[in-house]
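Structure first, then comments.
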Amino acid sequence: MFGKNPKLAPEKGDGGELKVTSIFLTIQGEGPYVGHQAVFIRLSGCNLACDFCDTEFDSYKLLSVEEIVKVVMSIRDGANLVVITGGEPMRQKIKLLCDNLLFRNFTVQVETNGTIHTEIPKAVKLVCSPKASNGKYHSIRKDILEQTVALKFLISKQNKEYCDISEVGQSRYNIPVYVQPMDEYDEFLNQNNLLLAQQVAKKHCAILSLQLHKILKID
Ligand SMILES: Nc1nc2[nH]cc(C(=O)O)c2c(=O)[nH]1
Ligand code: SF4
Ligand SMILES: [Mg+2]
């Protein structure tokens with residue numbers, strides 16, 4: 001959280017067990033599935049350490065895919081969307097987990113920063129949020145772009161790297177673009193970010209995404 005996490009390399013193994021920070025039922029608050037009831041699986045660790053990161057993902061339990069799916073089934077309460085997020089979920093071998101969830105007819109959405117790849121089923125919906133350092137966005141891998149259903153750019157007025165969006169492959173791959181004000185845990189900064197996000201959305205004809213779960217004060 002807030003850039004204090006270690007930058008971790010991809011995990012080895014066959015994905016039979018995964019490092020899981022939490023599993024919870026909520027409403028998808030961001031991007032193309034906003035408003036959908038969803039079970040979130042938060043996987044531990046990230047290969048980046050963004051100083052604005054709003055998420056605790058250092059702690060984890062090692063759980064088998066069967067154990068994870070059992071928890072998902074027990075809390076789903078009718079939800080048919082599972083969101084796998086992190087940290088960076090593509091750091092772990094999630095194919096087996098995705099296969100299991102798709103077999104149970106869930107829509108499976110993965111949130112990724114687009115810089116690492118692991119094999120995933122074609123039916124998985126990837127939402128990619130590009131991250132920047134040294135003044136430019138990390139390039140998004142081709143194998144990620146090919147499966148990305150939405151690109152979600154964060155906008156921050158006081159952060160040069162996040163004042164506008166740029167081309168990371170959205171035109172070539174015809175990917176819808178969302179812009180989302182960065183939450184900087186400060187009313188004044190957040191108000192500026194909200195205004196700038198509206199301007200950036202207008203300039204690029206992009207879709208404005210607000211963090212619904214923060215408005216609702218839920219997980
Ligand atoms: N409700 C809710 N929606 C989310 N969409 C993306 C999230 C994330 O942390 O990746 C998130 C989250 O943490 N909570
Ligand atoms: S890529 Fe996402 S999860 Fe990883 S440190 Fe940055 S904001 Fe946090
Ligand atoms: Mg979050």
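The model shown is predicted, which means the values in this text are computed figures rather than measured ones. Atoms within each ligand, like the ligands themselves, are counted from 1 in listed order. Reckoned from all heavy atoms, side chains included, excluding hydrogens, waters and symmetry mates. Along the sequence shown, the residues carry numbers beginning at 1.
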In terms of side-chain geometry, is the basic nitrogen of [X] or [Y] positioned less than 4.0 Å from the acidic oxygen of its partner?
| X | Y | value |
| --- | --- | --- |
| K152 | E30 | yes |
| K131 | E161 | no |
| D54 | K214 | yes |
| K142 | E146 | yes |

Between the main-chain N or O of D58 and the side-chain N or O of E56, is there a donor-acceptor pair closer than 3.5 Å?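 Yes.
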Do any N or O atoms from the side chain of R42 and from the backbone of S22 form a donor-acceptor pair under 3.5 angstrom? no
Report the C-alpha separation of L195 and K157 in whole Å, then their side-chain angles, then the decisive distance to 0.1 Å, and conclude whether the side-chain contact (heavy atoms from CB on, under 4.5 Å) test is met. CA-CA 9 Å; L195 288 172; K157 187 167 181 186; over 6 Å; no
With 2.8 Å as the threshold, which protein atoms of type N, O or S lie near atom 4 (Fe) of ligand 2? Leave waters out.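 For atom 4 (Fe) of ligand 2, the protein N, O and S atoms that sit under 2.8 Å away are C46 SG.
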What do you reckon, does R42 put a non-hydrogen atom under 4.0 Å from ligand 1?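 Flag set, R42 near ligand 1.
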Checking the N or O distance criterion of under 3.5 Å, is ligand 1 in contact with K152?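 So ligand 1 has no N or O lying under 3.5 Å from an N or O of K152.
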Do any nitrogen or oxygen atoms of G86 come within less than 3.5 Å of a nitrogen or oxygen of ligand 1? no
Between Y162 and F52, is the ring centre distance below 6.0 Å? yes
Looking only at protein heavy atoms, which one is nearest to [atom], and what is the separation?
| atom | answer |
| --- | --- |
| atom 1 (N) of ligand 1 | I27 O, 2.7 Å |
| atom 5 (N) of ligand 1 | Q28 OE1, 2.6 Å |
| atom 14 (N) of ligand 1 | D219 O, 2.7 Å |
| atom 10 (O) of ligand 1 | T85 OG1, 2.7 Å |
| atom 7 (C) of ligand 1 | F40 CE2, 3.7 Å |

Which hydrophobic side chains are connected to V127, either touching it within the sub-4.5 Å cutoff or through other members that do?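 So far as hydrophobic clustering goes, V127 is joined with V149.
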Could you list who else is in I207's hydrophobic cluster, with ILVMFWY side chains joined at under 4.5 Å, directly or through other members? Y178
Can you sort out which atoms of ligand 1 are near E111, meaning under 4.0 Å from one of its heavy atoms?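 Numbered from 1, ligand 1 contributes 5 (N), 6 (C).
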Distance under 4.0 Å to a non-hydrogen atom of T26: what atoms of ligand 1 satisfy this? 1 (N)
Using a 4.0 Å heavy-atom cut-off, say whether L212 meets ligand 1 through its side chain, its backbone, both or neither. neither
Can you tell me which portion of V83 lies within the under-4.0 Å heavy-atom range of ligand 1? Options are side chain, backbone, both, or neither.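 Under 4.0 Å from ligand 1, V83 contributes no heavy atoms.
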Quick one: list whatever passes ring pair (Phe, Tyr, Trp, His ring centres under 6.0 Å) with H36, sequence neighbours left out.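 Scan of H36 (ring pair (Phe, Tyr, Trp, His ring centres under 6.0 Å), adjacent residues dropped) gives Y33.
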Would you please say whether a donor-acceptor pair under 3.5 Å links the side chains of N80 and N105? no
